[in-house]
Amino acid sequence: MIIAIDGPAAAGKGTLARRLAEHLALRYLDTGLIYRAVGLAVAQAGGDADDPVAAEAAARALDPASFNDPALRGEQAGAAASKVAAIPGVRTALVEFQRAFAATAPGAVLDGRDIGTVICPRAEVKLFVTASLEKRAERRLKELLDKGVSAIRERVLQDMKERDERDSARSVAPLVPADDAVILDTSDLDADAAFAAALSIISQRRRAD
Ligand code: CDP
C-alpha cells in the first residue's frame with residue numbers, strides 16, 4: 001500500500017506520516033529532506049539555489065546518506081529547498097528515487113507537495129494535510145524555540161508565506177491537492193486527533209476498494 005501525504009509547510013504532515021508508517025508497518029520517506037539536501041548542497045558549494053545548472057547537478061549527485069545532517073532541518077535549508085524545487089530538471093532528477101522507494105515492499109508513506117499528483121498518482125490513499133497560516137507559523141515557531149533556535153514570530157510567518165506562495169505558484173508540480181485527495185485540516189487538531197482522523201480516512205478508503 002502507498003499513502004501519499006501532501007500539504008504546506010508545518011501543517012503536521014511529517015509527524016502524521018511517521019506515525020502512520022509505524023502503525024501500518026510501512027516504510028516512510030520525508031521527500032522534503034531530498035529537496036532540502038539539494039538546496040543545502042548548492043548553498044554549501046557557494047552556489048545560488050536559483051541556478052538551474054548548479055541545482056540539477058546537485059540533484060543528480062544526491063547521496064541519501066546526507067539525509068541525516070541536522071542542518072537540513074533549519075529554515076535556511078527550507079528556503080533553499082523551495083527554490084531548487086521550482087526547477088523542472090531538479091524535480092525530474094528526483095522522481096525515480098522517490099518512485100522506487102514507494103514501490104519497495106511492503107509499501108510506504110511519503111510526505112511532500114506532489115506525491116499524490118506527480119510521484120504516486122495511483123496511491124491507494126491520498127491525504128492533503130493543511131492548517132491556517134497562523135497556526136502553522138505558531139507550530140514552526142515552537143519547533144524552532146524548542147530546538148534552541150532563536151526566532152521571531154513575524155519573521156517565521158513571513159518566511160512561511162513566501163514559501164507557500166513559491167510552492168503554490170510554480171509551474172512544475174505546484175502545491176495543489178490531487179482530485180481524489182481527502183483534505184485534512186489540522187488547525188484545531190492536535191497530533192493525536194490528526195492521527196485518529198487520518199486512520200479513519202484510511203480505513204474508509206480501504207473498505208471502499
Ligand atoms: O517541513 P516543511 O513542510 O517546512 O518543508 P519540507 O516538507 O521539508 O519541504 C521543503 C521544501 O521542499 C518545500 O517548501 C517545497 O518547496 C519542497 N518540496 C517539494 O517541492 N516537493 C516535495 N515533494 C517536498 C518538498
Side-chain angles (χ1 to χ4, degrees), residues 2-18 28-43 49-50 55-56 58-59 62 66-99 101-102 108-121 123 126-131 133 135-144 146-147 149 151 155-178 181 186 191 194:
I2 296 174
I3 300 182
I5 303 192
D6 292 303
K13 304 182 301 285
T15 310
L16 177 63
R18 201 170 290 112
Y28 167 58
L29 182 64
D30 170 0
T31 65
L33 272 187
I34 305 175
Y35 294 91
R36 285 169 178 265
V38 174
L40 198 65
V42 174
D50 287 315
E56 283 179 41
L62 185 74
S66 70
F67 293 172
N68 294 322
D69 184 347
L72 293 184
R73 305 281 173 187
E75 289 306 278
Q76 194 205 351
S82 91
K83 290 182 184 165
V84 298
I87 300 169
V90 168
R91 304 200 74 88
T92 308
L94 301 173
V95 167
E96 275 324 304
F97 173 79
Q98 296 173 80
R99 288 195 179 145
F101 186 97
V109 180
L110 285 82
D111 83 64
R113 302 290 187 288
D114 64 339
I115 308 304
T117 49
V118 175
I119 303 296
C120 302
K126 298 180 186 177
L127 295 175
F128 191 85
V129 181
T130 188
L133 177 65
K135 283 281 167 71
R136 292 188 289 114
E138 235 169 70
R139 288 176 193 162
R140 184 51 47 95
L141 180 66
K142 185 173 179 305
E143 244 169 61
L144 291 170
D146 285 351
K147 276 195 292 194
V149 179
R155 186 62 211 263
V156 172
L157 192 86
Q158 187 55 32
D159 285 354
M160 193 161 282
K161 216 167 144 194
E162 280 171 20
R163 197 135 73 82
D164 280 358
E165 279 163 10
R166 202 158 41 224
D167 289 351
S168 304
R170 70 185 176 210
S171 55
V172 53
L175 173 65
V176 282
T186 66

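For reference, positions follow the sequence shown, starting with 1. As the structure lists them, so they are numbered: ligands from 1, and atoms in each ligand from 1.
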*asked:* Please output the residues near ligand 1 using a strict heavy-atom distance under 4.0 Å, listed in chain and residue-number order.
replied: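 Under the 4.0 Å cut-off, ligand 1 touches Ala9, Ala10, Lys13, Thr31, Gly32, Tyr35, Arg36, Ala81, Ser82, Ala85, Arg91, Gly112, Arg113, Asp114, Arg140, Arg163, Asp167, Arg170.
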*Check for a donor-acceptor pair, side chain of Asp6 on one end and backbone N or O of Ile115 on the other, with a separation under 3.5 Å.*
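Confirmed, Asp6 side chain pairs with Ile115 backbone.
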*Is a salt bridge present between Asp114 and Arg91, judged by a nitrogen-to-oxygen distance below 4.0 Å?*
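Result for this pair is yes, salt bridge flagged.
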*Who are the side-chain hydrogen bond (donor to acceptor under 3.5 Å, both in side chains) partners of Glu143, not counting sequence neighbours?*
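Here the qualifying residues are Arg140.
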*asked:* Under a 3.5 Å cutoff, is there a donor and acceptor pairing between the side chains of Arg163 and Ser82?
replied: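 Looking only at side-chain atoms, Ser82 and Arg163 do not form any donor-acceptor pair under 3.5 Å.
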*Distance-only donor-acceptor check, side chains Arg113 and Ser168, under 3.5 Å*: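 Arg113 vs Ser168: no donor-acceptor pair found between side chains.
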_Non-hydrogen atoms of Ala58 and Val42 that approach each other most closely_ =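 Closest heavy-atom pair between Ala58 and Val42: CB-CG2, 3.8 Å.
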